[in-house]
**Student:** 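Sharing a structure here in structure tokens format.
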Amino acid sequence: MRIILLGPPGAGKGTQAELLSKKLGIPKISTGDLLRDEIAKGSELGIKAKKKVEKGELVDDELVFAILKNRIERDDCKKGYILDGFPRNVAQAERFYKMFNDQEELVIEISVSEDELVRRLTSRRICKKCGATYNLLFFKPRVENKCDVCGGELIRRDDDREEVIRKRFRVYEKETKPLINYYYKKGNYFRVAGDADINEIFNRIYAIIKSNMRRFAERKSDYL
Ligand code: AP5
Ligand code: MG
Ligand code: ZN
């Protein structure tokens with residue numbers, strides 16, 4: 001099964017994708033993380049993507065599909081995966097389904113107000129070494145400025161400055177939000193209110209997944 005997490009910057013897509021990945025035993029694929037890895041490595045793709053990411057604009061589809069295709073074709077994705085931050089517009093969705101149309105799919109939107117997003121993102125810190133996510137207000141590391149998982153240094157993401165956050169939010173409203181209607185019509189769209197603590201949001205999402213897994217299993221047994 002494939003799970004797509006939709007939502008504005010700071011909604012908690014990455015946080016929830018990580019928890020779901022552990023619970024369901026399927027990988028999390030974040031196009032944002034993959035792009036940041038390429039940027040950190042200084043690869044040709046990373047150099048091309050860097051300017052757009054820093055400005056809070058969408059990276060060209062060609063680059064996004066190049067890294068995404070590579071990742072999804074790996075063996076660990078055969079049983080399913082969680083997409084965080086992809087697709088970002090209707091064109092990406094349509095192109096994606098021409099390539100990968102082989103899985104049951106749920107799309108879950110996490111909705112949060114703009115002011116709350118700015119508060120979350122200006123206080124977000126990520127581990128420089130392993131990418132784990134923290135928050136100075138809502139999810140502090142055990143030792144100040146050190147990653148609980150690997151001891152790495154905690155840093156701020158380059159695009160987590162208030163003016164870039166607001167730009168990313170506008171890009172979301174314009175480019176990504178039309179996907180809600182797209183998936184609503186497809187019939188596999190669910191929404192959770194994201195204004196609660198991390199565990200509560202997880203419970204809301206997991207409840208949706210569990211009931212749909214049952215439905216998918218019943219549908220499969222109908223064919224047998
Ligand atoms: P991407 O990395 O996807 O960034 P984003 O969509 O802006 O989302 P974020 O990662 O900022 O937020 P999140 O929802 O993951 O929240 P998180 O869990 O960290 O994309 C970055 C850039 O890459 C884009 O701008 C674009 O340039 C490019 N890009 C990526 N994909 C692309 C694509 N498909 N096409 C084209 N370009 C692409 O949580 C945020 C903070 O809040 C954390 O500190 C967390 O601890 C805290 N938090 C989480 N949940 C809660 C809660 N319930 N209560 C309180 N705090 C919480
Ligand atoms: Mg993220
Ligand atoms: Zn770490």
Side-chain angles (χ1 to χ4, degrees), residues 4-20 28-39 46 48-68 71 82-89 91-93 95-96 108-112 116-141 143 145-161 164-172 175-176 179 192-205:
I4 294 180
L5 294 180
L6 268 186
K13 303 181 295 295
T15 302
Q16 296 298 331
E18 188 65 41
L19 294 171
L20 288 169
K28 147 195 160 175
I29 303 178
S30 157
T31 43
D33 286 349
L34 293 172
L35 288 167
R36 280 184 290 279
D37 286 348
E38 294 296 322
I39 293 171
K48 285 184 186 155
K50 190 170 192 274
K51 275 210 180 84
K52 297 267 181 169
V53 173
E54 278 175 353
K55 280 198 281 187
E57 291 169 7
L58 294 186
V59 171
D60 295 350
D61 289 355
E62 292 311 316
L63 302 181
V64 173
F65 274 86
I67 45 170
L68 184 71
R71 180 64 191 89
I82 302 154
L83 285 175
D84 153 17
F86 180 93
R88 238 24 193 226
N89 55 35
Q92 285 188 358
R95 182 165 170 182
F96 179 72
I108 301 173
E109 181 206 352
I110 311 174
S111 70
V112 183
E116 173 66 13
L117 300 172
V118 172
R119 187 163 46 235
R120 285 186 191 178
L121 291 180
T122 46
S123 53
R124 170 167 62 188
R125 296 293 181 272
I126 58 166
C127 173
K128 196 175 172 181
K129 238 162 96 187
C130 78
T133 300
Y134 299 88
N135 194 288
L136 301 182
L137 300 174
F138 307 109
F139 186 55
K140 290 185 190 164
V143 180
N145 221 22
K146 262 201 176 154
C147 176
D148 292 353
V149 183
C150 75
E153 181 197 352
L154 302 188
I155 55 164
R156 203 166 162 170
R157 243 167 72 174
D158 285 338
D159 57 350
D160 278 350
R161 285 171 290 128
V164 185
I165 295 170
R166 295 214 183 258
K167 172 73 194 261
R168 281 154 60 203
F169 189 73
R170 286 197 299 280
V171 170
Y172 174 78
E175 310 258 345
T176 311
L179 280 171
V192 299
D195 54 351
D197 72 38
I198 293 173
N199 290 327
E200 171 58 25
I201 308 292
F202 177 77
N203 291 337
R204 290 176 189 174
I205 294 176

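Start at 1 and go down the list; that is how both ligands and their atoms are numbered.
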**Student:** Would a 4.5 Å heavy-atom cut-off, applied to side chains only, mark Phe139 and Thr15 as touching?
**Tutor:** no
**Student:** Restricting to non-hydrogen atoms, name the atom on Arg120 and the atom on Phe138 that form the minimum distance, rounded to 0.1 Å.
**Tutor:** CG-CE1, 3.9 Å
**Student:** Begin with the C-alpha distance, continue with both residues' side-chain angles, and end with the deciding distance and a verdict on side-chain contact (heavy atoms from CB on, under 4.5 Å) for Glu116 and Asp195.
**Tutor:** CA-CA 8 Å; Glu116 173 66 13; Asp195 54 351; 6.0 Å; no
**Student:** Among all protein heavy atoms, pick out the one at the shortest distance from atom 19 (O) of ligand 1; state its residue, atom name and that distance to 0.1 Å.
**Tutor:**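 Going atom by atom, the protein heavy atom closest to atom 19 (O) of ligand 1 ends up being Arg124 NH1, 2.6 Å.
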**Student:** Any idea which atoms of ligand 1 are less than 4.0 Å away from a heavy-atom of Thr15?
**Tutor:** 17 (P), 18 (O), 39 (O), 45 (C), 49 (C)
**Student:** Has Gly10 got any heavy atom lying under 4.0 angstrom from an atom of ligand 1?
**Tutor:**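 Checking ligand 1 against Gly10, which is what was asked, there is a heavy-atom contact under 4.0 Å.
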**Student:** Flag the pair Asp160 and Arg168 as a salt bridge only when some basic side-chain nitrogen lies within less than 4.0 angstrom of an acidic carboxylate oxygen.
**Tutor:**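 Yes, this pair counts.
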**Student:** Heavy atom to atom 43 (C) of ligand 1, shortest distance: which of Ile198, Asp195, Thr133 holds it?
**Tutor:**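 Among Ile198, Asp195, Thr133, the closest heavy atom to atom 43 (C) of ligand 1 comes from Thr133.
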**Student:** How close does the nearest protein non-hydrogen atom get to atom 7 (O) of ligand 1, and which residue and atom is it?
**Tutor:** Arg168 NH2, 2.8 Å
**Student:** As an exercise, identify every atom of ligand 1 less than 4.0 angstrom from a heavy atom of Gln92.
**Tutor:**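 Heavy-atom distances to Gln92 below 4.0 Å select 33 (C), 34 (N), 35 (N), 36 (C).
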**Student:** Side chain or backbone of Ala196 under 4.0 Å from ligand 1, or both, or neither, by non-hydrogen atoms?
**Tutor:**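 For Ala196, the contact with ligand 1 is made by the backbone alone.
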**Student:** To the nearest 0.1 Å, how far is atom 16 (O) of ligand 1 from its closest protein heavy atom, and which atom is that?
**Tutor:** Gly12 N, 3.2 Å
**Student:** Starting from atom 31 (N) of ligand 1, which protein heavy atom do you reach first, and at what distance in Å?
**Tutor:**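 Here the nearest protein heavy atom works out to Thr31 OG1, 2.7 Å.
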**Student:** Against heavy atoms of Leu35, which atoms of ligand 1 measure under 4.0 Å?
**Tutor:**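 Taking each heavy atom of Leu35 in turn, ligand 1 has 23 (O), 28 (C), 29 (N), 30 (C), 38 (C) under 4.0 Å.
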**Student:** Flag the pair Leu83 / Leu68 as yes when at least one side-chain heavy-atom distance between them is below 4.5 Å, and no otherwise.
**Tutor:**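 Side-chain contact under 4.5 Å: yes.
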**Student:** On a heavy-atom basis, which atom in Pro8 and which in Val112 lie closest, and how many Å separate them?
**Tutor:** CG-O, 4.2 Å
**Student:** Only to 10 degrees, please: what angle do the SG atom of Cys150 and the SG atom of Cys130 make about the Zn ion (ligand 3)?
**Tutor:** 120°
**Student:** Under 4.0 Å from a heavy atom of Asp197: give me the atoms of ligand 1 that qualify, with their elements.
**Tutor:**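 Taking each heavy atom of Asp197 in turn, ligand 1 has 53 (N) under 4.0 Å.
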**Student:** Quick check for you: to the nearest 0.5 Å, what is the distance between Arg157 atom CZ and Ile155 atom CD1?
**Tutor:**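 Reported to 0.5 Å precision, the distance equals 10.0 Å.
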**Student:** Check whether any side-chain heavy atom of Phe86 lies under 4.5 Å from a side-chain heavy atom of Leu34, and answer yes or no.
**Tutor:**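 No. Closest side-chain heavy atoms not under 4.5 Å.
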**Student:** Taking only heavy atoms of Glu57 into account, list the atoms of ligand 1 that are under 4.0 Å away from them.
**Tutor:** 26 (C), 27 (O)
**Student:** Are Leu19 and Ile198 packed together at the side-chain level, in the sense that at least one heavy-atom pair is separated by less than 4.5 angstrom?
**Tutor:**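 Contact flag for Leu19/Ile198 side chains = yes.
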**Student:** Return yes if some donor-acceptor pair links the side-chain N/O of Arg88 with the main-chain N/O of Glu175 below 3.5 Å, else return no.
**Tutor:** no
**Student:** How about Leu20 and Lys28: do any of their side-chain heavy atoms sit closer than 4.5 Å?
**Tutor:**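 No. Closest side-chain heavy atoms not under 4.5 Å.
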**Student:** Which one holds for Lys13 and ligand 1: side chain close, backbone close, both close, or neither close, with close meaning a heavy atom under 4.0 Å?
**Tutor:**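 Both backbone and side chain of Lys13 come within 4.0 Å of ligand 1.
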**Student:** Among Arg88, Lys55, Arg120, which one has a heavy atom closest to atom 24 (C) of ligand 1?
**Tutor:**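 Looking at heavy atoms only, Arg88 sits closest to atom 24 (C) of ligand 1.
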**Student:** If we only count N/O pairs under 3.5 Å, is Arg157 in contact with ligand 1?
**Tutor:** yes
**Student:** Of the non-hydrogen atoms in Leu137 and Arg119, which two are nearest, and what is the gap between them?
**Tutor:** CD1-CG, 3.8 Å
**Student:** Between Glu54 and Lys51, does any side-chain N to carboxylate O distance fall below 4.0 Å?
**Tutor:** no
**Student:** For Ala11, is at least one N or O under 3.5 Å away from an N or O on ligand 1?
**Tutor:** yes
**Student:** Among all protein non-hydrogen atoms, which one is nearest to atom 46 (O) of ligand 1, and what is the separation to 0.1 Å?
**Tutor:**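 Answer for atom 46 (O) of ligand 1: Asn135 CB, 3.5 Å.
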**Student:** With heavy atoms under 4.0 Å as the rule, classify the contact between Ile110 and ligand 1 as side chain, backbone, both or neither.
**Tutor:** neither
**Student:** Give the atom numbers and elements of ligand 1 that come within less than 4.0 Å of a heavy atom of Phe138.
**Tutor:** 55 (C), 56 (N)
**Student:** Between Gln16 and ligand 1, find which residue part has any heavy-atom pair under 4.0 Å and reply side chain, backbone, both or neither.
**Tutor:** neither
**Student:** So which of Phe169, Phe202, Tyr134, Phe96 gets nearest to atom 44 (O) of ligand 1, if we judge by its closest heavy atom?
**Tutor:** Tyr134
**Student:** Ligand 1 versus Glu200, non-hydrogen atoms closer than 4.0 Å: side chain, backbone, both, neither?
**Tutor:**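 For Glu200, there is no contact with ligand 1 at all, from either part.
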**Student:** So Val118 and Phe169, do their side chains get closer than 4.5 Å, heavy atoms only?
**Tutor:** no
**Student:** May I ask you to identify, for Val53, whether its side chain, its backbone, both or neither come under 4.0 Å of ligand 1 on a heavy-atom basis?
**Tutor:**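 For Val53, the contact with ligand 1 is made by both the backbone and the side chain.
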**Student:** Which one holds for Arg36 and ligand 1: side chain close, backbone close, both close, or neither close, with close meaning a heavy atom under 4.0 Å?
**Tutor:**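 Side chain only; the backbone of Arg36 stays clear of ligand 1.
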**Student:** Taking 4.0 angstrom as the limit and counting only heavy atoms of Gly85, give me the atoms of ligand 1 inside it, by number and element.
**Tutor:** 31 (N), 32 (C), 33 (C), 34 (N)
**Student:** When you look for heavy atoms under 4.0 Å from ligand 1, do you find them on the side chain of Tyr172, its backbone, both, or neither?
**Tutor:**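 Tyr172 to ligand 1: no contact under 4.0 Å from either part.
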**Student:** State, yes or no, whether a side-chain contact exists between Asp84 and Ile29 at a heavy-atom distance under 4.5 Å.
**Tutor:**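 Heavy-atom side-chain distance check fails, nothing below 4.5 Å.
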**Student:** Determine yes or no for a side-chain-to-main-chain donor-acceptor pair under 3.5 angstrom, with Asp197 supplying the side chain and Glu200 the backbone.
**Tutor:**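 At least one qualifying donor-acceptor pair exists.
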**Student:** With a 4.5 Å limit on heavy-atom distance, are the side chains of Ile205 and Ile110 in contact?
**Tutor:** yes
**Student:** Within a distance under 4.0 Å of any heavy atom of Gly14, pick out the atoms of ligand 1 and give their elements.
**Tutor:**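 The list of qualifying atoms is 13 (P), 15 (O), 18 (O).
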**Student:** Where does Val59 meet ligand 1, judged by heavy-atom distances below 4.0 Å: at the side chain, the backbone, both, or neither?
**Tutor:**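 Under 4.0 Å from ligand 1, Val59 contributes backbone and side-chain atoms.
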